[in-house]
Amino acid sequence: MAPYDHEAIERRWQDRWETERTFYVDEATDKPKFYNLQMYPYPSGDLHMGHLRNYTYTDLLTRYRTMRGYATMAPMGWDSFGLPAENAAIQTGVHPRESTEQRIGNMKVQLRRLGAVYDWDREVAAHTPEYYRWTQWLFLQFHDRGLAERRNAPVNWCPKDQTVLANEQVVDDGVCERCGTTVVKRDLEQWFFKITDYADRLLDDLEQLDEWPERVRTMQENWIGRSEGASFRMHVAGREDLSFEVYTTRPDTSFGMTFAVLAPEHPLVEELVTGTEYERPVLSFVADVVRESEIERLSVDKDKQGMFIGAHAVNPVNGREIPIYVADYVLMTYGTGAIMAVPGQDQRDWDFAKEHGLDIIRTVEPPDDFDGEAYLGDGPAINSEFLDGLPMAEAKERMIQWLEEQGIGERAVQYRLRDWLISRQRYWGCPIPVVYCPDDGVVPVPEDQLPVRLPHISDWRPAGESPLATVEEFVDTECPACGGPARRETDTMDTFVDSSWYFLRYVDAHNADAAFDRDKVDHWMPVDQYIGGVEHAILHLLYARFFTKVLYDMDLVGVEEPFAALFTQGMITRDGAKMSKSKGNVVAPDPYYDRYGADATRLYHLFMGPPTDDAVWIDDGVEGTSRFINRFWRVALETETTDRDETDADVELLKTAHRTIRKVTEDIERFSFNTAVAALMEYGNELRAYASDEPRTATFDRAVEYMTLMLGPMAPHVAHELWERTGHDSMLAQEPWPEWDPEMTVRERVTMVIQVDGKVRDRVDVDADITDDDARATALASERVADYLDGGEPARVIVRAPKLVNVVTGG
RNA sequence: GCGGGCGUAGCCGAACUGGCAUAGGCGCCGGACUUAGGAUCCGGUGGGUUCACACCCGAUGUGGGUUCGAAUCCCACCGCCCGCACCA
């Protein structure tokens, strides 16, 4: 018998799949399509075990769907723009393009060694002009539709390095990751995508995504953060010309308003204090708060700081005059930047009221046993004139109506979601295709001038502005409108823009005339299965959904949701932390490939635990899956087939095979790969037990075939090899995934459990179709039951034929 | 604070609809084959009684409840993880 030489076998099959283009999908087939997508990776260099889990799952599905007769498209590409390559360049002097392309080459080799197969004809890389040309084109489409907008916004600024920092570069307590200086906010003109225009649709359509994890949908829901209430205008007492708008989710509590609070950045603050005795202290306070880092400012534990600004506002519901404060706990970026404060029903207002000796009026009756401070629960309205006695929801409705009738305010909706700031003051990204002209202002680059190429530079050290700003031949250009001298935009786009549409490029990866062809999009979209890490549950998935909706509105794609089904796999941890290069706890796959082979390594990734859960890497785990493969190799090849008559053992073996096929198929369909592998191991044990005491028959050969096929998606090299060695043609011809025969999965005899008072006292072998009466009689006939009854009559007998009978003594 | 999840052997885990708890694997122990084994194979692996067959008992974070019957459902508590977090 040939020994199992995993190294030679794996190399041979990897060569064949590539040269025969086995998994390059044929579009001109009448097979149903299956778009199997994994989140395209950032080319970080070497793959480690933490990455392999994802690739193993995706590859399993590619192969499984192919075996099930689908035209399966499994593309691969690279999220190849981004900060790490640029930071490495700053340190090593190697150009990001060079290091990135080298890493891509490296990762392709490693994917191949895992036996992961893709349709490489569709490969895309975000940093290539062929790709980012269309990223730029999409930017222009967004711009045309008013969805890309230039606004002033604060950026993270390191005063020491004189540079803008990305959020990821602001670490711990708001300090620069390089020099440790406290980061400050600085205003810059920057580009935004108006994702908030789509907030409602992004929220509402989550409901359709019933093949997404509940958890991810909830996270997106919270992130969008829709809240409903009312907004109304409040006048400054004695100043008919001055007023401000407030937003509240609890208009029903308006009679409990005892003060109002403006955000420090609120324009009215300066206006109200100018020329008064409050001017100096208030403006000094405001300056202090604004200088604080965002992290400090938004810290919940911090005491609320604020002060009276010397003016009063009129509560429109009862005409009462209340003091106006400025305080750090009110944010200019949410709602209107001003609130009505109702300490009786809001804990933050309560804390502030206590601190400053302000009145507290309850407008909802708390329950008798309530001993907290602000009461947020439901209850009858009190101290609220026409609302008194109404429960919260009704009072809220009534007050909104009243505000609208009086023309004071209106129903209002607010979102936590903010517009997407896409400008990055960085080199290694997609240039924003815009020109600034002294005469024509902001001028988009015409489509026929795309791509705006990223110039090759050799000095990308940050120097107070985007590195591109130092490249004169890039910056100095002509205005596309008037032909006069103009300057190019020197910021690049957030890499999340690149990844918001790559799955559309895959369907038509080499189109030089369009981002993608509508017919091809219609053919392949939506993605049937998307697989990736849960760390992308919010941003990437939300942005990709947003893009798809915009493109749908532009009639460029025919679906509103890009990903029909989503699977998020857990992380691999080691020493209590996520496996990652920066944590220094990575395990390289190569020694495992060398010693056990890719198949055993893959099987262990599938087996180590529920795919959604985090899993601890255990070095010895691969031992088990390696033994399993070795044993099956021997069982499959070791003996000659005889033409002995079939026996009961053969029938039983075949039935076990069919039950295993059912279990493995169902487990794969529900992403329970660990139990699918366990079922195969169990089945392997059965095969060995059989082979050790029976000469093999045609039935046994069939049983081996089933195992080989089921291993096809999981341990593909050894499966293909055995398939060939046992005298078959290509494993992927036709639709080779085995079907189970329902009749063969039926058990004729089963073990019936007999309990006395809920404890198992006996087990009997019975016909699977035993009647309740017979089951009851069988149980009562048991000697063991008789012992426990001790001559008495059972009080009750519960029969669940054929599995169980429970005899209740009642004693 | 709000939202979501989890807790089963020495370890990873299985148990789908309330019905034999602990499948499968790792590790460990013993044995076989061997010059040798970190290869392979066989057996064992909660506790107790027993030469053995077998029998008994305990156990799913803790306490209570529902039920003939609970890892599973309900209540309270303890512990851990994830997301959001002064969002009005």
Side-chain angles (χ1 to χ4, degrees), chain A residues 213-223 225-227 229 231 246-250 253 261 263 297-305 327-331 333-342 345-349 351-352 376 414-418 534-535 537-538 570-571 603-604 607-610 612-625 627-628 630-631 634 663 666-667 670 672 674-685 688 692 751-763 784 794-800 803-810:
Chain A
E214 185 64 41
R215 179 157 91 111
V216 173
R217 291 192 298 180
T218 306
M219 281 162 75
Q220 293 218 348
E221 210 176 296
N222 294 340
W223 186 263
R226 184 185 152 103
S227 77
S231 65
V246 297
Y247 170 76
T248 176
T249 53
R250 294 292 304 276
T253 65
V261 187
R297 164 103 185 256
L298 297 182
S299 156
V300 185
D301 309 326
K302 200 174 73 98
D303 282 344
K304 294 165 182 43
Q305 306 289 327
D328 60 354
Y329 77 97
V330 174
L331 310 173
T333 47
Y334 185 81
T336 60
I339 62 160
M340 69 168 196
V342 185
Q345 269 74 230
D346 185 295
Q347 188 60 41
R348 294 157 303 177
D349 296 343
D351 294 342
F352 194 80
L376 283 67
Q414 283 290 330
Y415 300 92
R416 208 195 71 93
L417 181 71
R418 306 293 156 76
V534 74
E535 67 273 19
I538 298 176
M571 304 182 298
L603 272 183
Y604 181 59
F607 181 61
M608 64 175 134
T612 44
D613 291 3
D614 289 351
V616 182
W617 179 259
I618 297 165
D619 288 331
D620 291 325
V622 188
E623 285 283 351
T625 51
R627 280 176 200 155
F628 164 66
N630 273 286
R631 285 196 279 247
R634 285 194 301 271
K663 168 99 177 121
E666 286 172 355
D667 282 354
R670 67 184 176 109
S672 183
N674 55 326
T675 53
V677 175
L680 287 182
M681 287 175 164
E682 218 167 326
Y683 180 49
N685 292 341
R688 279 189 305 136
S692 69
T751 303
M752 185 172 79
V753 169
I754 302 174
Q755 298 180 334
V756 176
D757 293 330
K759 288 187 194 271
V760 180
R761 296 304 182 189
D762 205 356
R763 296 183 177 87
R784 307 260 354 241
R796 218 178 139 184
V797 181
I798 313 280
V799 182
R800 292 286 179 275
K803 295 177 84 171
L804 168 139
V805 174
N806 187 14
V807 179
V808 185
T809 62

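Labels below follow one simple rule: chain letters A, B, ... track the order of the sequence lines, proteins then strands, and each chain is numbered from 1. The shown structure was predicted, so the numbers you read here are calculated from the model rather than taken from an experiment.
- Atom name C1', nucleotides B:G44 and B:G83: the rounded distance is 46 Å, in whole Å.
- Considering only side-chain atoms of A:W223, the nucleotide from B:G58, B:A14, B:C84 that sits closest is B:C84.
- The nucleotide whose nearest atom lies closest to any side-chain atom of A:A678 is, among B:G83, B:A23, B:A88, B:A23.
- The side-chain heavy atoms of A:D614 and A:M571, taken from C-beta on, include a pair separated by under 4.5 Å.
- In this structure, the side chains of A:T675 and A:K663 come closer than 4.5 Å at one or more pairs of heavy atoms.
- Checking B:C41, B:G19, B:G13 against the side-chain heavy atoms of A:R634 singles out B:C41 as nearest.
- Nearest nucleotide to the side chain of A:I798, out of B:C86, B:G24, B:G19: B:G19.
- Among the nucleotides B:A21, B:A88, B:C86, the one closest to any side-chain atom of A:D346 is B:A88.
- In the set B:G19, B:G13, B:C57, the nucleotide with an atom closest to the side chain of A:R761 is B:C57.
- Under 3.5 Å, the side chain of A:R763 and the base of B:C20 form at least one donor-acceptor pair of N or O atoms.
- Applying the 3.5 Å distance criterion, the base of B:C68 shares a donor-acceptor pair with the side chain of A:N806.
- OP1 or OP2 of B:G4 has not a single side-chain nitrogen or oxygen of A:R217 nearer than 4.0 Å.
- Where A:G225 and A:T751 each meet RNA chain B at their nearest nucleotide, the meeting point lying more 5' is that of A:T751.
- The residue among A:A679 and A:R784 whose nearest nucleotide of RNA chain B lies closer to the 5′ end is A:A679.
- Atom name C1', nucleotides B:A85 and B:U72: the rounded distance is 33 Å, in whole Å.
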Worked verdict on A:E623 versus A:R627 for salt bridge (Lys or Arg N to Asp or Glu O under 4.0 Å): CA-CA 6 Å; A:E623 285 283 351; A:R627 280 176 200 155; 3.7 Å; yes
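- Note: CH2 (A:W617) to P (B:C12) measures 16 Å, nearest angstrom.
- Side chains of A:V808 and A:V797 form no contact here, defined as non-hydrogen atoms less than 4.5 Å apart.
- Dashed line: the shortest gap from a side-chain N or O of A:R627 to OP1 or OP2 of B:C41 is not under 4.0 Å.
- Using a 4.0 Å heavy-atom distance criterion, A:R215 is classed as a sugar-phosphate-only contact.
- Atom P of nucleotide B:A88 and atom CZ of A:R250 are separated by 11 Å, given to the nearest angstrom.
- B:A71 sits 13 Å from B:G58 when the P atoms are compared, rounded to a whole Å.
- Between A:Y329 and A:F352, the ring planes lie tilted relative to each other; the angle falls in the 30° to 60° range.
- Here the straight-line distance linking atom CD1 of A:I538 with atom CD of A:Q220 works out to 7.5 Å at 0.5 Å rounding.
- The listed nucleotides are B:G24, B:C20, B:G13; the one nearest the side chain of A:N674 is B:G13.
- Atom CG of A:D762 is separated from atom C1' of B:C20 by 12 Å (rounded to the nearest Å).
- A:E214 comes within 4.0 angstrom of nothing in the nucleic acid, heavy atoms only.
- At most 12 heavy atoms of other shown residues, nucleotides or ligands fall within 6.0 angstrom of atom CZ in A:R215.
- A:Y247 has no side-chain polar atom (N or O) that falls below the 4.0 Å cut-off from OP1 or OP2 of B:A88.
- Protein atom CD of A:E666 is 13 Å distant from nucleotide atom P of B:U17, rounded to whole Å.
- At the heavy-atom level, A:V616 lies nowhere under 4.0 Å from the strands shown.
- Counting only heavy atoms from C-beta on, A:N685 has its side chain closest to B:G24 among B:C86, B:A14, B:G24.
- Between the P atom of B:U17 and the CG atom of A:L804 lies a distance of 18 Å, rounded to the nearest Å.
- The shortest distance between the side-chain N/O atoms of A:K304 and the OP1/OP2 oxygens of B:A88 is not below 4.0 Å.
- Atom pair A:M608:CE and B:C12:P shows a separation of 14 Å (rounding to whole Å applied).
- Residue A:R688 places its side chain closer to B:C41 than to any other of B:G83, B:A88, B:C41.
- Out of B:A23, B:C26, B:A88, the shortest distance to the side chain of A:T248 is found at B:A88.
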